[in-house]
Amino acid sequence: MSLDPEFEPGTRKELGSLVFTADAIIEFARKFDPQRFHIDAEAARQSVFGGLCASGWHTASGWMKLNIAATAAEAEQARAEARVLPEFGPSPGFRNLRWFKPVYAGDEIFYSRTIRGSRPLASRPGWSILELTSEAHDKDGELVMSFDSAALIRFPEAGKDG
């Protein structure tokens, strides 16, 4: 169990936002998802999307970028306050990845993560699995992406101050 209120179930963290420019959409897609509606504006207009839109993987990568930045900022704040944060380990994976609507050139997307809970790992004493739900919304608050994920985490020992 966590002693830090930042890791209590239901805690939501706003991670920030990204604007998806046409150039960024095309650059990402050329490298990782070169489908016509991600790399060619005219072909995209003729597609089911009706315009140039970001790869879902680009949208998901935006979440990761902002999540890492938020984690680094949280660690810096904790150091400034002489608080000990948990140690993060790798993620064993994610599930329920859904893309609900396209992200078009010019869209600003807002990212968040919400703690669902944590449970100790019998196979790795001292470590737990932290379960999260992550989301991306557009400027109107409409959900564009969500997924559930997990990460290994080692909470500071009770009574230990650093």
Tell me the closest heavy-atom pair linking [X] and [Y], and the distance in Å.
X: F100; Y: S146; answer: CE1-OG, 3.4 Å
X: P92; Y: A150; answer: CD-O, 3.4 Å
X: R154; Y: G126; answer: CG-O, 3.1 Å
X: R36; Y: A43; answer: NH1-O, 3.6 Å
X: A44; Y: S47; answer: O-OG, 2.7 Å
X: S112; Y: R12; answer: OG-NH2, 3.1 Å

Out of curiosity, [X] [atom1] to [Y] [atom2], how far, rounded to the nearest 0.5 Å?
X: S134; Y: L66; atom1: OG; atom2: CG; result: 11.5 Å
X: I109; Y: E135; atom1: CD1; atom2: CD; result: 12.5 Å
X: S55; Y: I39; atom1: OG; atom2: CD1; result: 11.5 Å
X: I68; Y: L15; atom1: CD1; atom2: CG; result: 10.0 Å
X: I129; Y: L152; atom1: CD1; atom2: CG; result: 4.5 Å
X: L130; Y: R119; atom1: CG; atom2: CZ; result: 11.0 Å

Are side-chain heavy atoms of [X] and [Y] found at a separation under 4.5 Å?
X: C53; Y: H38; value: yes
X: V48; Y: F37; value: no
X: F110; Y: K139; value: yes
X: F7; Y: L85; value: yes
X: K101; Y: D107; value: no
X: N96; Y: F147; value: no
X: T114; Y: T11; value: no

Practice problem: Determine whether F49 and M145 fall in the same hydrophobic cluster, where Ile, Leu, Val, Met, Phe, Trp and Tyr are linked whenever their side-chain heavy atoms lie under 4.5 Å apart. | Solution: no
Exercise. In sequence, state the C-alpha distance, the side-chain angles, and the governing distance for I153 and F88, and then conclude on side chain to side chain contact (heavy atoms under 4.5 Å, CB included).
Key: CA-CA 5 Å; I153 189 168; F88 284 93; 3.7 Å; yes
Quiz item: Does a sphere of radius 6.0 Å around CZ in F94 hold more than 12 heavy atoms from other residues, nucleotides or ligands, not counting ones at 6.0 Å or beyond?
Solution: no
Anything under 3.5 Å between a donor and an acceptor, one on a side chain of residues 19-26, the other on a protein residue two or more places apart or in another chain? List them.
residue : atom : partner : partner atom : Å
T21     : OG1  : A24     : N            : 3.0

Quiz item: Is it true that R124 and E87 have a side-chain N and a carboxylate O under 4.0 angstrom from each other?
Solution: no
Quiz item: Checking side chain to side chain contact (heavy atoms under 4.5 Å, CB included) for the pair W57/L97: CA distance, chi angles, key distance, verdict?
Solution: CA-CA 10 Å; W57 298 111; L97 175 61; 3.8 Å; yes
Quiz item: Once the angle between the rings of F28 and H58 is folded into 0 to 90°, is it parallel (under 30°), tilted (30 to 60°) or perpendicular (over 60°)?
Solution: parallel
Practice problem: Using modelled atom types only, decide if a donor and an acceptor are shared between the side chain of Y111 and the backbone of M64 within a distance under 3.5 Å. | Solution: no
Quiz item: Would you say the side-chain atoms of D138 pair up with the backbone N or O of D140, donor to acceptor, closer than 3.5 Å?
Solution: yes
